[in-house]
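This report concerns only the one structure given below.
In the text below, chain A, chain B and the rest are named by the order of the sequence lines, each starting its count at 1.
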Amino acid sequence: MLTTLLSVTIISAFGALLAGIIVLADKFIANYGECTITLNKDTQFNINGGIPLLEALVQQKIFIPSACGGKGTCGYCKVKVIEGAGPLLPTEEPYLDKKELENSIRLSCQVKVRNNIDIFIPEELLSVKEYICTCADIKDLTYDIKQFRFKLENPQTIEYVPGQYVQLFAPSINGSEEVYRAYSISSDPADKGYIELIIRLVPDGICTTYCFEHLKVGDTVKLNGPYGEFRLADTSAPILFIAGGSGMAPIKCILHHMKNTKNSREAVYFFGGNTERDLFLIDELKKEFESSLKFKIVPVVATPQNGYIGEKGFVTHAVERSVKNAPQAEAYLCGSPGMIDACISVLTKLGMDVSKVYYDKFS
Amino acid sequence: MTNSNEFINIVIICFSSIFTGNILLSYFLGMCPFIAVSKEVKTAFGLGMAVVFVLTFTCLLNWLTYHYILIPFQLEFFRFIMFIITIAAFVQFVEMVLERYSPLLYTNLGIFLPLITVNCAILGASLFMVIRDYSLVGSVAYGFGSGVGWMLAIVSMAGIRKRLVINKIPKGLQGPGITLIIAGMMALAFIGFTGVLQGQ
Ligand SMILES: Cc1cc2nc3c(=O)[nH]c(=O)nc-3n(C[C@H](O)[C@H](O)[C@H](O)COP(=O)(O)OP(=O)(O)OC[C@H]3O[C@@H](n4cnc5c(N)ncnc54)[C@H](O)[C@@H]3O)c2cc1C
Ligand code: FES
């Protein structure tokens, strides 16, 4: 009995001693005092030094894209640091190319604020905000794709360019990791109080498992955005949309926007699926857009199961067979990197210039 | 034991922990960073230096903890926990100090420290030194030698991997696959040192 007590006491005392040393060190050694961050030459704010730049910016409600939660593995959190970042860290090197290095671009999750620091963030990113929402509706679109509708509570409205995406926060569930994942907005931009996302379940995926198994109507969700360069170019060229599965999301949003602005460009949407089970919202899109826009949707099924009438084969084959105006048109692609690369090679073969191909890789 | 005997003994401990009993290639401890961080000679060297540093000092600290806390209270069976918390606290502390006072050392060495806190080679060395009943100086020499041995292994591996880039490696073997095969060959080569001396 006495031995047990004694050993517990000694081990605890030793642990407490070490913990005490660390706490003191944290207070005195790792204390960098107040540091000033100067943003775009005109805004300044003071923070307590010693934390990563990304965290300091989030504290100021400035949201930089980050998919790995600051572990230095996604390379999204790039920020131009004009002065005060210290030497480049080996953990940043793999994510920065030569041009970015010359431009003093750094990974904001790796750079620590230890002194005054001078940074530049494009105006567009500064409009990124955090939104608290409630889940208003969940709808099954296919066996592995659902549509989520979120009501914005705080702030209550959002402005974004159709084609952009938001980052949805997945809280820790039974010890899972907390993550942010990118999802393109699929809803009508005129519907400013709501956001809809089309999400495909990734087996064992952290965020999609949360959405599919834990998220219920009425739950509070957190997201931030908008981000992304994917958008309709301001021309009058005919449009080719190509996407399968949840890649429909940004395209649906752009179609709503075209309808709202009475856009008269010609648009064809090649919608690919493996089997008939993978197709969704086709009748809805037809009803909504085929009469009001110069729009046509072409579902393409790779391996039809029973008596499917319509385009068959890979979506790239369908494009190759039926697109005649490639040299004049613009293409907008959404989906997995593999599908996008395959489409780009077909489109260039048909005579489209690579600069006319816009895409969003869901990687 | 005379002084010169003791000295020779230390040299033998140090030498054997680098070559004949290389902690990585003979005991296969610390494999995880060895495979993950051996793509660049420069980073491998940085990580290697961090391991040398941490091993040397944690062996010293853990020797003191063991002989002045655990043995007097007959708590030897607690050494796993004690060693781990000592290592963790030490690494954390050094990281803070480096970050604050030496940005240069921090960028070259400090950022690797969190990577190796939970490295099994670090705990392994402390446990071996206890099992083999080394003296204080012997333990420090052993820690230092193990670190140098580990660094030698990872830097050679990085050097070899640099040259692999120009070779055609079957797809399935690229990355960790070929690294493990090379590690095996290096281990075989190190067995060659076994005849030189065995100082345990
Ligand atoms: C700009 C952008 C827009 C996006 N828009 C959408 C969208 O509108 N709808 C949508 O459903 N998704 C979209 N994504 C993908 C989404 O962000 C996530 O990557 C995906 O949902 C997986 O997240 P997870 O946390 O569930 O899986 P994770 O836990 O990240 O991954 C689990 C496993 O699945 C693999 N994996 C990760 N992503 C994919 C993937 N997309 N396909 C197959 N395997 C994968 C991983 O390698 C890992 O092995 C978008 C991505 C980007 C970059
Ligand atoms: S947040 Fe992922 S690399 Fe910085």
Side-chain angles (χ1 to χ4, degrees), chain A residues 1-33 35 48-53 70-73 81 83-96 106-107 109-117, chain B residues 33 36-37 39-47 49-50 58 61-62 64-66 68-115 117 158:
Chain A
M1 182 64 193
L2 195 69
T3 356
T4 324
L5 266 183
L6 187 69
S7 31
V8 170
T9 321
I10 288 172
I11 298 294
S12 319
F14 188 70
L17 175 75
L18 291 180
I21 295 178
I22 294 296
V23 169
L24 285 180
D26 199 42
K27 196 153 168 42
F28 293 106
I29 299 178
N31 181 355
Y32 294 88
C35 303
N48 262 330
I51 55 171
L53 179 58
K71 286 210 226 48
T73 53
V81 184
E83 215 183 301
L88 186 75
L89 301 173
T91 40
E92 299 174 78
E93 258 172 34
Y95 300 98
L96 300 171
R106 304 289 298 264
L107 290 191
C109 68
Q110 300 299 309
V111 171
K112 276 205 179 170
V113 186
R114 296 197 203 93
N115 36 35
N116 294 348
I117 197 167
Chain B
V37 196
K39 291 192 194 96
E40 287 274 343
V41 175
K42 205 176 125 209
T43 23
F45 183 73
L47 183 64
M49 287 303 284
T58 54
L61 287 176
N62 281 336
L64 295 174
T65 327
Y66 189 73
Y68 290 103
I69 299 180
L70 295 181
I71 289 187
F73 293 103
Q74 293 171 350
L75 293 174
E76 292 92 331
F77 55 92
F78 265 130
R79 58 176 182 259
F80 281 82
I81 299 181
M82 285 297 248
F83 287 179
I84 273 289
I85 54 177
T86 313
I87 294 170
F90 172 72
V91 171
Q92 184 95 34
F93 186 78
V94 171
E95 198 195 343
M96 282 191 220
V97 172
L98 283 188
E99 193 178 351
R100 180 71 204 248
Y101 298 108
S102 173
L104 190 73
L105 262 184
Y106 181 71
T107 43
N108 291 318
L109 199 108
I111 48 150
F112 296 113
L113 288 177
L115 270 181
T117 320

Margin query: If you compare all heavy atoms of A/Asn31 against all heavy atoms of B/Arg100, which two are closest, and at what distance to 0.1 Å?
Written below: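 A/Asn31 and B/Arg100 have their closest heavy atoms at O-NH1, 2.6 Å.
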Check: Which atoms form the tightest heavy-atom contact between B/Met82 and A/Ile11, and what is the distance?
Finding: SD-CD1, 3.5 Å
Within a strict 4.5 Å, meaning less than it, do heavy atoms of the [X] and [Y] side chains meet?
X        : Y        : value
B/Phe78  : A/Ser7   : yes
A/Arg114 : B/Tyr106 : yes
B/Thr65  : A/Phe14  : yes
B/Thr43  : A/Glu93  : no
B/Glu99  : A/Tyr32  : yes
B/Phe93  : A/Leu18  : no

Margin query: Please classify the contact of B/Ile85 with chain A as side chain, backbone, both or neither, using a heavy-atom distance under 4.5 Å.
Written below: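 Both parts, backbone and side chain.
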Checklist line | Atom pair CZ (B/Phe73) and OG1 (A/Thr9), whose distance is rounded to the nearest 0.5 Å | finding: 10.0 Å
Notebook entry, point to check: If you measure from CE on B/Met96 to CD1 on A/Ile29, what distance do you get to the nearest 0.5 Å?
Noted result: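 The CE atom of B/Met96 sits 7.5 Å away from the CD1 atom of A/Ile29.
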Check: Counting only heavy atoms not in B/Gln74, do more than 12 fall under 6.0 Å of its CD?
Finding: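 For B/Gln74, atom CD is not crowded (no more than 12 foreign heavy atoms under 6.0 Å).
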Item checked: Whether over 12 other heavy atoms sit under 6.0 Å from B/Tyr68 OH ->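 It does not: B/Tyr68 OH has 12 such atoms or fewer within range.
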Check: For A/Ile10, is it the side chain, the backbone, both, or neither that has a heavy atom closer than 4.5 Å to a heavy atom of chain B?
Finding: side chain
